[in-house]
Structures are given as structure tokens and as C-alpha cells.
Enquirer: 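First the structure, then my questions, so here it is.
Below, each value reflects all heavy atoms present in this structure, side chains not excepted, and no hydrogens, waters or symmetry copies.
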Amino acid sequence: MNEQRTKISLLKDAPIPKALISLGIPIMVGMLINALYNLVDAYFVGGLGKSPMGAISIVFPLGQVVVGLGLMFGNGAASYLSRLLGCGDKKTADAVASTALYSSLFVGVVLIIFALIFLKPILILLGATETILPYAFTYARIYILSCIFNVFNVTMNNIAASEGAAKTTMCALLLGALINIGLDPLFINTFHMGVAGAAIATAISQFVSTLIYVSYILRKKSTFTFRLKAFALNRQIFLEIFKIGIPTLTFQLLTSLAIALINRASNGYGDAVIAAMGAVTRITSMGTLVVFGFLKGFQPLAGFSYGAKNFQRLRQSIKISMIGSTAFCIFVGLFMICFSAQIMAQFANGNQEMLLIGQKSLIANGFSFFLFGFYTVYSSLFLALGKGASGFLLGACRQGICFVPVILILPEILGMDGILFAQPISDLLSAVVTVFMALNLHKQLSIEEQSL
């Protein structure tokens, strides 16, 4: 009970920098390690050749679609839960948490069964070449089956973050990631299991993270209870979850679509281009996941402050989050630009074509990454405040509204360079949209504050 009161006190009374650090840093560290083991996967699989490396690039968006279900229920519930805690409605919060968790597991099982039944045509649709397909099929059969653990983990990650349980989230992500990093070389190289070994290592690591969250629930460390009888087919609960959850799922689907479109556009240029772009995606995810992790601490603070009508605290949290995330993004962007050749060399396995393509793309992405913190603070903020329509519009820009036309048109004009520069150009366009939406949001918040 004391631990639960401490979480609420952190959201309500703690100095903004302390609250953001306490809530965001543990999740940020966990997500950084999570991104790191994605890179480790790519590093060890890259040693097997460009076709196996291309295979995990092809499967990646399919896994993200399944995980998107966890995000739909978890992130949708998290926004609502933070606001419920802010106004002191514990009973409804318990029902929301239970409904979100059990719904995500049910829908996740259905989607995984569907994906396994139609796996081969799905992989071809995602851009697998004849040489990549056998590796992709081997990897995907194991990886997709294990995604049920990831659905559970992502849902619980968001629910735990909504109540300020950042350390639990960090431990779950960190331990799973460290186990994956340790098992990858063992299964891939020592046991000579190839891409199947990489998938098995990932499955085991996800299962370990699941055990941590199960322990968190059973030991009653959460503010919420997760009883099956608390599950509620309540129209209002699902409306609130889906108001934020469906935009979040759409963002995830757009991310998967963006990767699939890059893979399909790269298909005609050979396995080296698919492998290079897959490596760049995983490298840039190191930076994006850190920002997302930090803003997982910002979201419950913003949602709680908004629910409590504490507009001064809300504005301070926005300002400090903006400064911190933008400074980080500039640092990471410069690092990608200055050390692009050295970074890509770790994944190219001596393939000069893959190295040069990846280096060029990484430099372009490094410059556009300067804007990522600004964009992501506001796309997270809209969702935290329960403004689903605006959050959907802004969140859909970077890898949907702006990206899809660019990736479809630019390669026709610039050839392969159009593939390499598609994401950076989309980032720039998204930042411009963010400026106008941010100005309008602050005007709305001022009106709400004056009406109190």
C-alpha cells in the first residue's frame, strides 16, 4: 500500500525533473537494452550472410503487427488509467486494467494463428525474394508463435507505466534483453542453428519478461487488480481504450507498412539493399526506442496532471520533456552521421554494396533524427490527454500520411536514392505538421484553464 501511495505521490507532487527521471529513465534503459538485443540479433545473423540478414528484416514488420495488439490495449488503457488515477476512481481503473490485459491475449492468439496459417504468402507480400524466403519462413514460424509473450509484455508494460511502476518495466525489459544477448551467439554459432537459433533466443527472452510481469501481478505490487471476473464488456471502457488504442495500433501498422514498402521497393535491387535498409532500421531504433521509453514516463505525468486539472504542472512537464528529448536526438543524430561507416561495417560482413548503401541512408537519417524528439513529445502528449483524433492524425504522419506517398513516388524519380531518403523527407514534413498542431493544442489548453 505504501508503494502504491508513493507512485501516486510521484505523479501528483514530485518536482517535474524528478518525476520524469523516476518514471522515464528506468523504462528508457529497458527499451534501450531491448533495442540493443535487436541489434545483436542483426549482428549475429548478419554474420550468416546477406540473405539471412534480409530474412529478419522481412519478418520484422509482421512481428510488429502482432505486438501492435498489445500496444492497442495497453497504451489505450494506460492513457485512461492515468486519468482515472488522477481523479481517484480506483474501481473503474481495476476493470479497465483487467479488460485490457485479457482482451489483448485473446485477440493476440487469434492473429498469431491466422499469421501461421498464411505465413508463406504473407512473407512474399512483405517483399521476400526467392533466396530470402527459406530463411524468413524458418525464422518466422518460431518468432511469430512466441509473439504471444510479447503481446502480454507490451500490454503490461503500458499498464505498469500508467501507475508509475517504471522499475518493474525496466527489470522485465532488461532481463529479457540480457538473456537474448547471451543466447544469440550460443544458439546461432555454437549450436549452429542459424536463423532458427536467433528466433529461439528471442522466444526464451520474451518468456522470461512475461514471468516478471506475472510475478508483479501475483505479488500484488500493482495499484490495479487483474481478476478475470473484473473483465467487463463495458461499452464506455472499450470506447476509452479504443479512442487511444486504435490510433496507437494504426501507428504500429503504419510502421510495419513503412518497413514492408521499403523492403518491396528494395526487392528489385537485390538482397544487399534489403539487408542494408533492415540494418539501418534497427540502428535508428536504438535512438527512437530511448525517446519512446523516456516519454513513457512523460505520458502518465501529463495524463495525471490533465486529469487533476493542474495545467501549470502539465506545461512544465511538456517543456522539460521537449528540451531533454531534443538534446538527446541531436546527440544521436550527430553520432550516426559521424560514425556511419564504422556502424554499418558491424552488419555488412565485408559486403561493400551493403556497407555503402547503409552508410548513405544512415547519414540522411541522422540529420532528420534531430527533429524526432519534438515530433514524438507532441504525438505522445495528444494520446496522454485523451485527444485521440488529433493524436491519430499527428501520429500517422511520420510513417503514413507523409511517408507512403514519398516512398511510392520518390524511387520512381531518384531510383535507389529515393528509398534511402524516403524516411528523412517524411520526418521533415511531419515536423512541419507538428508545429501547427502544437500551437493549436496550447491554445485549447489555455481556454480550458481559463474556464476553471
Side-chain angles (χ1 to χ4, degrees), residues 1-13 19 23 69-108 151-152 154-166 168-169 213-214 216-249 296-311 313-314 380-389 391-392 448 452:
M1 186 62 69
N2 288 334
E3 184 177 348
Q4 293 174 7
R5 281 198 296 265
T6 299
K7 294 172 187 174
I8 300 300
S9 177
L10 191 64
L11 293 169
K12 183 179 180 181
D13 302 315
L23 295 168
L69 291 171
L71 282 171
M72 178 175 72
F73 287 102
N75 203 36
S79 174
Y80 191 26
L81 288 169
S82 293
R83 286 177 278 130
L84 288 170
L85 290 178
C87 61
D89 190 351
K90 172 72 165 56
K91 183 179 179 180
T92 304
D94 286 342
V96 171
S98 300
T99 301
L101 181 60
Y102 295 118
S103 297
S104 70
L105 290 174
F106 174 77
V107 178
V151 169
F152 178 86
V154 170
T155 305
M156 279 303 301
N157 178 314
N158 284 274
I159 292 174
S162 74
E163 59 174 321
T168 299
T169 297
Y213 283 122
V214 170
Y216 177 71
I217 293 171
L218 295 178
R219 290 185 299 123
K220 299 182 179 179
K221 294 292 185 180
S222 175
T223 303
F224 314 114
T225 56
F226 295 89
R227 297 185 304 272
L228 189 57
K229 65 180 182 181
F231 177 91
L233 288 173
N234 181 288
R235 182 174 180 272
Q236 183 60 35
I237 288 177
F238 278 103
L239 279 176
E240 288 291 340
I241 290 175
F242 290 153
K243 183 169 69 173
I244 303 303
I246 288 178
T248 303
L249 174 62
K296 283 295 179 186
F298 164 68
Q299 279 188 306
L301 181 61
F304 188 97
S305 300
Y306 185 67
K309 303 302 178 184
N310 190 339
F311 288 94
R313 187 170 176 81
L314 175 60
S380 300
L381 178 62
F382 279 109
L383 297 179
L385 302 186
K387 299 180 182 297
F392 172 79
E448 288 186 48
L452 292 177

Enquirer: I need the Leu249 CG to Leu69 CG distance, nearest 0.5 Å.
Expert: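 Here the interatomic distance stands at 6.0 Å.
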
Enquirer: Please walk me through it: do Thr223 and Leu81 pass side-chain contact (heavy atoms from CB on, under 4.5 Å)?
Expert: CA-CA 11 Å; Thr223 303; Leu81 288 169; over 6 Å; no

Enquirer: Listed by chain and number, what are the side-chain hydrogen bond (donor to acceptor under 3.5 Å, both in side chains) partners of Thr92, not counting sequence neighbours?
Expert: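 Thr92: side-chain hydrogen bond (donor to acceptor under 3.5 Å, both in side chains) contacts with Asp89.
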
Enquirer: Run the side chain to side chain contact (heavy atoms under 4.5 Å, CB included) test against Ile217 and tell me which residues pass, sequence neighbours left out.
Expert: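 Applying side chain to side chain contact (heavy atoms under 4.5 Å, CB included) to Ile217 gives Leu101, Phe152, Met156, Phe226.
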
Enquirer: Any side-chain hydrogen bond (donor to acceptor under 3.5 Å, both in side chains) involving residues 298-309? Give me the pairs, sequence neighbours left out, ordered by first then second residue.
Expert: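 Found Tyr306-Glu448.
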
Enquirer: Within this structure, what is the CG-CD1 distance for the pair Asn75 and Ile241, rounded to the nearest 0.5 Å?
Expert: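 Those atoms lie 11.5 Å apart.
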
Enquirer: side-chain hydrogen bond (donor to acceptor under 3.5 Å, both in side chains) with Ser104: which residues, sequence neighbours excluded?
Expert: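 Listed in chain order: Thr155.
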
Enquirer: Could you tell me which residues satisfy side-chain hydrogen bond (donor to acceptor under 3.5 Å, both in side chains) with Arg219, sequence neighbours excluded, listed by chain and number?
Expert: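 Partners of Arg219 under the side-chain hydrogen bond (donor to acceptor under 3.5 Å, both in side chains) test: Ser215.
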
Enquirer: Measure the spacing between NZ of Lys387 and CG of Leu381 and express it to the nearest 0.5 Å.
Expert: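 The CG atom of Leu381 is 9.0 Å from NZ of Lys387, to the nearest 0.5 Å.
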
Enquirer: Excluding sequence neighbours, so at least two apart, what forms side chain to side chain contact (heavy atoms under 4.5 Å, CB included) with Phe242?
Expert: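 With neighbours one apart ignored, the set is Met72, Phe73, Phe238, Ile246.
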
Enquirer: List, one per line, each side-chain donor-acceptor pair under 3.5 Å for residues 93-100, sequence neighbours excluded.
Expert:
{"residue": "Asp94", "atom": "OD1", "partner": "Lys90", "partner atom": "NZ", "Å": "3.0"}
{"residue": "Asp94", "atom": "OD1", "partner": "Thr225", "partner atom": "N", "Å": "3.1"}
{"residue": "Asp94", "atom": "OD2", "partner": "Lys90", "partner atom": "NZ", "Å": "2.8"}
{"residue": "Asp94", "atom": "OD2", "partner": "Thr225", "partner atom": "OG1", "Å": "3.4"}
{"residue": "Ser98", "atom": "OG", "partner": "Asp94", "partner atom": "O", "Å": "3.1"}
{"residue": "Ser98", "atom": "OG", "partner": "Thr225", "partner atom": "O", "Å": "2.9"}
{"residue": "Thr99", "atom": "OG1", "partner": "Ala95", "partner atom": "O", "Å": "2.7"}
{"residue": "Thr99", "atom": "OG1", "partner": "Ala232", "partner atom": "N", "Å": "3.0"}

